[in-house]
Amino acid sequence: MSGPLFGLIPAGLPLITDPTSSPSPTSLLYALPSQQAFSHLVLFLLPGVALPPNTAASIYLATAAQVAAAEQSGAAPPFKFLGAIGPGKESAMFKVGNTTAGGSGSDANNHSLVIGVSIEAEAEVAQKLQELSAKKSSSSPATQQQQQQQQQPSTVVLAQRIIQNAFNFLTGFSGTAGPGGVEVVPLKAFEDWWRKFENRIRNDPSFLEKQSD
């Protein structure tokens, strides 16, 4: 690859076209400015640029500190996959979360971000996009609430557990009375159970939900 391929615009900052480094013929790294806070980044193919056939550009994010540490240790930087651009989608906006300006010196290096762009096979990029979409769906508030509802026992089950709890407690107080030896439980025993049950609910409101059948 020769010449600038991509344009990057951190929100409120000037256009960036020249990569900071190129670790391989198909990958580019762009160190983003840290002097000003920003939360979003627009990345696009420059006019007249076309990617090789059957490829797309995967976009990754890491901090400058992570990249520097990885270079020192010889390990791969822990880049986070953000999305992709390519034929049919030549630009995209990403939330990068750089909401705190880094200041100057080493502190700025710790807070600055690095964007990685990798030219990869379309099939690989499509798979990563599917995985990213599934991850976002599973972490959405609506999905989390639905999962919690599915995990919580139904009203019928809770009622059965309350009855079982009462039965287990009162069994030890049962006796017989009257003609034919009718089995009875003293009212005081029920009052004792209710008092202890209330205290347990107050100390641990979810104990019935955690109780196994």
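Fair warning: this is a prediction, and the values are worked out from it, not measured in the lab. All values below come from the heavy atoms of this structure, side chains included, with hydrogens, waters and symmetry mates left out.
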Residue pair L82, I115: steps toward the side-chain contact (heavy atoms from CB on, under 4.5 Å) verdict: CA-CA 10 Å; L82 295 180; I115 292 293; 4.3 Å; yes
Stepwise side-chain contact (heavy atoms from CB on, under 4.5 Å) test for L46 and L5: CA-CA 6 Å; L46 291 173; L5 301 175; 5.8 Å; no
Verdict with reasoning, V117 to Y30, per side-chain contact (heavy atoms from CB on, under 4.5 Å): CA-CA 8 Å; V117 182; Y30 298 83; 3.8 Å; yes
Residue pair L61, V114: steps toward the side-chain contact (heavy atoms from CB on, under 4.5 Å) verdict: CA-CA 6 Å; L61 174 70; V114 176; over 6 Å; no
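Residues A57 and L51 approach most closely at N-CD1, 3.8 Å, considering heavy atoms. What you find for P87 and T55 is that their closest heavy atoms are CD-O, 3.7 Å. When all heavy atoms of S118 and Y60 are compared, the pair lying nearest together is CB-CE1, 3.9 Å. Contact detail for I119 and F6: the closest heavy-atom pair is CD1-CZ, 3.8 Å. Smallest separation of non-hydrogen atoms from V49 and P4: CG2-O, 3.9 Å. A11 and F38 make their closest contact through O-CB, 3.6 Å (heavy atoms, listed as atom of the first residue, atom of the second, distance).
Contact check on D204 versus R200 returns no salt bridge, with no Lys/Arg side-chain nitrogen under 4.0 Å from an Asp/Glu carboxylate oxygen.
Side-chain heavy atoms closer than 4.5 Å link hydrophobic residues (I, L, V, M, F, W, Y) into clusters, and following such links, possibly through other members, connects L43 to L28. The hydrophobic cluster containing L45 also contains I16, counting ILVMFWY residues as joined when their side-chain heavy atoms lie under 4.5 angstrom apart, directly or transitively.
Taking the side chain to side chain contact (heavy atoms under 4.5 Å, CB included) definition, one finds that N168 meets it with Q164, sequence neighbours left out. With sequence neighbours left out, N203 forms a side-chain hydrogen bond (donor to acceptor under 3.5 Å, both in side chains) with no residue at all. Looking at residues two or more places apart in sequence or on another chain, you find a side chain to side chain contact (heavy atoms under 4.5 Å, CB included) between S21 and P23, L29. Applying the side chain to side chain contact (heavy atoms under 4.5 Å, CB included) criterion to P78, with sequence neighbours excluded, gives Q66. By the side chain to side chain contact (heavy atoms under 4.5 Å, CB included) test, E198 pairs with W194, R202, sequence neighbours left out.
Considering only heavy atoms from C-beta on, H40 stays 4.5 Å or farther from V96 through its side chain. Taking 4.5 Å as the limit, every side-chain heavy atom of S112 sits out of range of all side-chain heavy atoms of L32. Contact check for P10 versus P33: side-chain heavy atoms found under the 4.5 Å cut-off. Within the 4.5 Å cutoff, the side chain of F197 has heavy atoms near those of the N165 side chain.
Counting only residues at least two apart or on different chains, the salt bridge (Lys or Arg N to Asp or Glu O under 4.0 Å) pairs with a member in residues 121-131 are E120-K128.
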